[in-house]
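As structure tokens, the structure follows; a few thoughts come after it.
What's counted below: heavy atoms across the whole structure, side chains too, no hydrogens, waters or symmetry copies. Because the structure is a prediction, the values reported are computed rather than measured.
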Amino acid sequence: MSNLMIKAENISKFYRLGVLSSGTLKEDLKNWWNRKSLPENAASPNSKNYIWALRDIHFEVKPGEVLGIIGKNGSGKSTLLKIVSRITLPTSGRIRGNGRIASLLEVGTGFHSELTGRENTYLNGHIMGMKKKEIDRKFDEIVDFSGVERFLDTPVKRYSSGMYVRLAFAVAAHLDPEILIIDEVLAVGDAEFQKKCIGKMKSVSGEEGKTILFVSHNMQVIQNLCNRAMVLEKGIITGSGNPESVISQYLKSSDQQFLGHDYTLTAGLPGNEFIRVQKVEMIPDYLPQQQFIDTRTALRIHFEFWYDVEEAGDLMAGIQLFNFTGEMIFDLTSERQVFEKGLISAECLIPGNFLNDGAYTVSLVFIRNAAIRLFYLESCLSFDVEDYRENGSWYGKWAGMVRPGFPVRLTPLQQ
Amino acid sequence: MDNNAGWQWEINANQRWFRINLKEILQYKELILRFVRRDIIASYQQTILGPFWVFLQPLFTTFVYFIIFSRVAKIPTDNIPPMLFYLPGSIIWTFYSDSLSSTMYTFVTNAYIFNKVYFPRLIVPLSYILFHSFRISIQLLLFIAVYLFFAFGGKHIHPNASMLLIPVYIFITASFALGCGLIISVYTAKYRDLDNVMQFLLRLFMFAAPIVYPASLIPEKYKLVFWLNPLTPVIEAFRSSFFSHRPLPLFYLGISILSSLFILALGIVLFNRREKQIMDVI
């Protein structure tokens, strides 16, 4: 008997790009014909038609361990969870393990909108691998946990999305596997409910000694819940160990941070005959002992450019901030000013407690006479803002485009 | 290092081609029944006539056949009252075509579940077949009621002991439908074009079985091909059991059992072999 719960060896997975996107018979017949007639062209894992989702992954999980998996979108986390959950096969390698696995890649899988809450509880329980007796035994507990007992005999299509998720999570929380695989399901539900969920997860791992594999974008949750963390980057494990050190190392090294560019060190300055940008940088104003940007951090954006316009006229320089989905958060411009030819420096301060957590990019814009766009430098900076919260009871994604620290004051008026 | 002692499960790149994990499927029998229950409940939600559609649908179909094929086209019905002649054919055909058209979209319609949780995928098509078996069982009761109505109404119709083979008829039809469904499901997952082709083929295939006409109408030279369709002996045998108008086609019934089981086995092997790969394409 091994003293490990899971042992993964040499796990690799690649997807075929071309074939993946076809989906019509004609395309496939063509592919097939090409492979037949041009054998030397046969796709190999090294060709660019393949993408490695995972490459040579090794890891072990001990009983009672809560392993947090961190990584950007597309780093292979989801693929890894899918392989461990037996949804898809690895291209090579193997995973061996002991104990019943339940995977929560989603809550409420298989819920049918026409069925009542009661029917769906059983349906979902069975899909997740529970036996009828088990569900019977835990039914009252599940209903209690979800707080929807009044609507048990109502079809779930009449539920509010909150009720739906609560019932779904309640079933999931009462699964009783030896190994639990969880994919960011905490980002749903209201604060009180999330508190319940985190509490449940803590008790499942702590008192009941269950083994948990947990994927999240939220570093705080990983830090609080996990006793080991693993970083995946482009399908490779780049770090593993104590969550605190792994997380800070990960955030520091994160290759999506692009905090500055001194173009004088590289070939050519970006620009045109009017504007040439020499330097762009972002200087985070870290608090003591802070190693990465979080929602509290004030950010100073500084850039320098050569201005080369002879005729009279004024200049306006602007900073545009975009979030991960490409929506513009703000569009700041300087005042209109008349300059001689020469090097100009610009600076802007984004105060702390203003941006929400997430990934951002900065673009610069240069405008003449408030009408003519002289130059646009797209995505010259990119950075991530990590979440920060004082009390650790709620970990859902903070809603809103920005998260300014404007005070909200309550005053008692009558007693 | 390489032995599996001390490990309860293993996931690796190599597929087990021919191993059907029957034991595992049995462990999930509650899930199968739950899916069947879901389909039964869901199919009558927000309908006014609810469960009565199970009866109404074959009655309507039979009535339409009666008007078109008997009255207008004047196709003989082997001296069986036309309503009684069409009803079993229509019930068996509906069972076959409904079972086939639900199982052949197993991956397409369940991708959202298959992408999130593991259970033996075969459970889903099995539950579809059971759901349609439940429906055909009710429809057969309807047939017997209509049959008794005609019998007591003075028609000269004679049942015989081969009625006991009804479960065999259903079994053959179910295996044939499931087998075809499993094979096609592997391809509908990948090629959406198949959708249109299958709708058309299925409609065409209906006329290849003696549903709206008797088998006796088929010319001698096409007889062998015609009877090799697993559905032909089933429908003809069913009629023979209730009307004793012709001897039971035992030989072809035997062939039908063998061929539908062969198709079923082929379907299961193909389905099992491809189920994990399909998840990367769908």
Side-chain angles (χ1 to χ4, degrees), chain A residues 1-4 7-9 11-13 15-16 19-20 22-28 82-106 109-110 112-116 119-120 122-123 125-133 135 155 157 183, chain B residues 1-16 27-47 110-121 123-124 127 187-194 197 274-282:
Chain A
M1 190 69 189
S2 169
N3 58 351
L4 291 174
K7 184 180 171 76
E9 298 161 275
I11 298 297
S12 293
K13 170 95 187 169
Y15 288 104
R16 289 199 279 177
V19 178
L20 201 82
S22 73
T24 65
L25 195 56
K26 191 180 139 203
E27 289 280 305
D28 263 24
K82 279 190 175 175
I83 290 173
V84 182
S85 312
R86 301 174 69 185
I87 287 163
T88 177
L89 283 174
T91 310
S92 64
R94 65 172 171 183
I95 304 181
R96 291 176 297 174
N98 289 310
R100 196 160 80 124
I101 289 192
S103 28
L104 273 180
L105 303 193
E106 168 189 79
T109 304
H112 194 291
S113 58
E114 298 283 356
L115 301 191
T116 63
E119 287 285 341
N120 270 315
Y122 277 93
L123 177 61
H126 284 308
I127 288 179
M128 303 308 284
M130 283 163 107
K131 296 267 174 270
K132 174 135 193 325
K133 273 189 200 153
I135 308 176
K157 65 177 175 189
D183 189 9
Chain B
M1 180 73 187
D2 264 29
N3 65 34
N4 266 337
W7 298 100
Q8 287 170 5
W9 48 262
E10 172 169 353
I11 299 166
N12 66 38
N14 303 319
Q15 315 242 358
R16 298 150 298 170
Q27 281 173 354
Y28 278 90
K29 63 176 186 299
E30 289 177 350
L31 178 58
I32 302 186
L33 296 177
R34 194 46 73 168
F35 276 139
V36 175
R37 192 185 155 101
R38 172 196 67 182
D39 291 341
I40 292 173
I41 296 176
S43 60
Y44 305 125
Q45 289 292 326
Q46 298 208 340
T47 58
N110 292 283
Y112 72 108
I113 296 181
F114 289 176
N115 250 317
K116 298 295 176 191
V117 66
Y118 170 81
F119 51 79
R121 303 313 188 202
I123 280 179
V124 170
S127 79
Y187 298 101
T188 53
K190 219 176 158 192
Y191 309 113
R192 299 295 153 91
D193 318 35
L194 262 186
V197 179
R274 302 298 290 277
E275 59 172 25
K276 290 272 166 80
Q277 295 165 3
I278 285 171
M279 293 322 295
D280 294 339
V281 215
I282 202 153

Evaluate the criterion salt bridge (charged side-chain N to carboxylate O under 4.0 Å, His left out) for residue pair A:Arg94 and B:Glu10; output intermediate values, then yes/no.
CA-CA 7 Å; A:Arg94 65 172 171 183; B:Glu10 172 169 353; 3.6 Å; yes
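- Within the 4.5 angstrom heavy-atom criterion, only side-chain atoms of A:Leu115, from C-beta onward, approach chain B.
- Taking all atoms of both residues into account, the shortest heavy-atom contact from A:Asn98 to B:Trp7 is OD1-CA, 3.3 Å.
- A side chain to side chain contact (heavy atoms under 4.5 Å, CB included) with B:Glu30 is found for one member of A:His126, A:Met130, A:Lys133 and no other, namely A:His126.
- Put simply, the side chain of B:Asn115 reaches to within 4.5 Å of the side chain of A:Lys82, judged on heavy atoms.
- Residues A:Thr109 and B:Tyr112 form no side-chain contact, since every pair of their non-hydrogen atoms from C-beta on lies 4.5 Å or further apart.
- Residue A:His112 comes nearest to B:Arg38 through the heavy atom pair CD2-CD, 3.7 Å, listed as atom of the first residue, atom of the second, then distance.
- Between the A:Glu114 side chain and the B:Ala42 main chain, no donor and acceptor come within less than 3.5 Å of each other.
- Contact annotation: the side chain of A:Ile101 never approaches that of B:Tyr118 to less than 4.5 Å [non-hydrogen atoms, C-beta and beyond].
- Within the 4.5 angstrom heavy-atom criterion, only side-chain atoms of B:Phe119, from C-beta onward, approach chain A.
- Of the inter-residue distances, the one linking A:Thr88 atom OG1 with B:Glu275 atom CD reads 11.0 Å to the nearest 0.5 angstrom.
- At least one donor-acceptor pair under 3.5 Å links the side chain of A:Lys131 to the backbone N or O of B:Gln27.
- When each of A:Ile83, A:Ile127, A:Ile11 is scored by its heavy-atom pairs under 4.5 Å with chain B, the top score falls to A:Ile127.
- Across A:Gly125, A:Ser103, A:Gly93, the residue that shares the most heavy-atom pairs under 4.5 angstrom with chain B is A:Gly93.
- Using a 4.5 Å cut-off on side-chain heavy atoms (C-beta onward), B:Arg37 and A:Glu119 make contact.
- In plain terms, the two heavy atoms of A:Met128 and B:Val117 that are nearest each other are SD-CG2, 4.1 Å.
- When all heavy atoms of B:Ile11 and A:Val84 are compared, the pair lying nearest together is CD1-O, 3.6 Å.
- Between chain B and the residues A:Gly99, A:Ser92, A:Ser12, the largest count of heavy-atom pairs under 4.5 Å involves A:Gly99.
- Surrounding NZ of A:Lys157 are more than 12 heavy atoms belonging to other residues, nucleotides or ligands, all under 6.0 Å away.
- Across every non-hydrogen atom of B:Arg34 and A:Lys132, the tightest pair is NH2-CE, 4.2 Å.
- Between atom CD1 of residue A:Ile95 and atom CG of residue B:Asn12 there is a gap of 10.0 Å, rounded to the nearest 0.5 Å.
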